[in-house]
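These notes are about the structure you will find just below.
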Amino acid sequence: MTYDRIRKRAYELVGKAQPGDAWSYIFDFFILSLIALNILAIMLETVDLINEKYQAQLHLFELISVIIFTIEYFIRVWASFDAEKYAKF
């Protein structure tokens, strides 16, 4: 694969899933699941008993999530140069 083809495919993956594109649906499902799990983790952190017992695990999950979301953001920015509507910037 060439560099431009990889960037175009990355744009297809992180953008709205097109019919028949299983990997894009998987990516969307993964990101939405991670968002939902983060909401759950934040809710659990507000319960003192759970927070005291699992504070390290919740913090690690938060750290890993931030890293994943940061990578996703950079991929979206990098891949957006291939989109015609953003190419003029």
Side-chain angles (χ1 to χ4, degrees):
M1 282 188 136
T2 65
Y3 176 79
D4 290 334
R5 179 69 185 127
I6 292 170
R7 191 168 68 186
K8 183 178 181 193
R9 184 61 183 140
Y11 180 75
E12 293 169 355
L13 282 174
V14 299
K16 184 177 178 185
Q18 298 299 316
D21 189 353
W23 286 109
S24 188
Y25 280 111
I26 291 168
F27 181 81
D28 289 349
F29 180 78
F30 173 74
I31 292 297
L32 289 173
S33 298
L34 190 58
I35 291 168
L37 289 171
N38 271 277
I39 292 169
L40 179 62
I42 290 170
M43 289 172 27
L44 292 174
E45 284 180 346
T46 64
V47 179
D48 290 335
L49 292 173
I50 295 174
N51 191 33
E52 289 173 9
K53 187 172 184 178
Y54 298 105
Q55 184 176 16
Q57 291 86 350
L58 290 168
H59 180 71
L60 179 62
F61 177 72
E62 180 182 344
L63 178 64
I64 292 170
S65 296
V66 167
I67 291 169
I68 291 170
F69 288 134
T70 302
I71 292 169
E72 178 214 5
Y73 178 77
F74 282 119
I75 290 172
R76 286 183 185 275
V77 170
W78 172 71
S80 70
F81 290 109
D82 200 48
E84 292 178 16
K85 64 182 176 181
Y86 302 121
K88 60 185 172 190
F89 292 111

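Here, residue 1 is the first one in the sequence, and each next residue gets the next number.
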CD/Glu45 to CG/Leu40 distance, rounded to the nearest 0.5 angstrom? 10.5 Å

Please tabulate, one pair per line, all N/O donor-acceptor pairs under 3.5 Å involving side-chain atoms of residues 17-26, not counting sequence neighbours.
residue	atom	partner	partner atom	Å
Gln18	NE2	Lys16	O	3.3
Asp21	OD1	Arg9	NH2	2.8
Asp21	OD1	Ser24	N	3.4
Asp21	OD2	Arg9	NH1	2.8
Ser24	OG	Glu12	O	3.3
Ser24	OG	Leu13	O	3.3

More than 12 heavy atoms from other groups under 6.0 Å of CZ on Phe69: yes

Indicate if Phe27 and Tyr11 have the same hydrophobic cluster label, given that clusters are the connected sets of ILVMFWY residues with side-chain heavy-atom separations under 4.5 angstrom. no

Using the rule that Ile, Leu, Val, Met, Phe, Trp and Tyr join whenever any side-chain heavy atoms are under 4.5 Å apart, tell me whether Ile71 and Phe74 fall into a single cluster. no

Taking a hydrophobic cluster as the set of Ile, Leu, Val, Met, Phe, Trp and Tyr residues connected by side-chain heavy atoms closer than 4.5 Å, whether directly or through intermediates, do Leu37 and Phe30 fall within one such cluster? yes

Does Val14 belong to the same Ile/Leu/Val/Met/Phe/Trp/Tyr cluster as Ile35, with side-chain heavy atoms less than 4.5 Å apart forming each link? yes

Donor-acceptor pairs under 3.5 Å, side chain of residues 57-68 to any protein atom, not counting sequence neighbours: which ones?
residue	atom	partner	partner atom	Å
Ser65	OG	Asn38	ND2	3.1
Ser65	OG	Phe61	O	2.8

Rounded to the nearest 0.5 Å, what separation is found between the CD atom of Glu52 and the CD1 atom of Ile50? 10.5 Å

Once rounded to the nearest 0.5 Å, what's the spacing between atom OG1 of Thr2 and atom CZ of Arg7? 10.0 Å

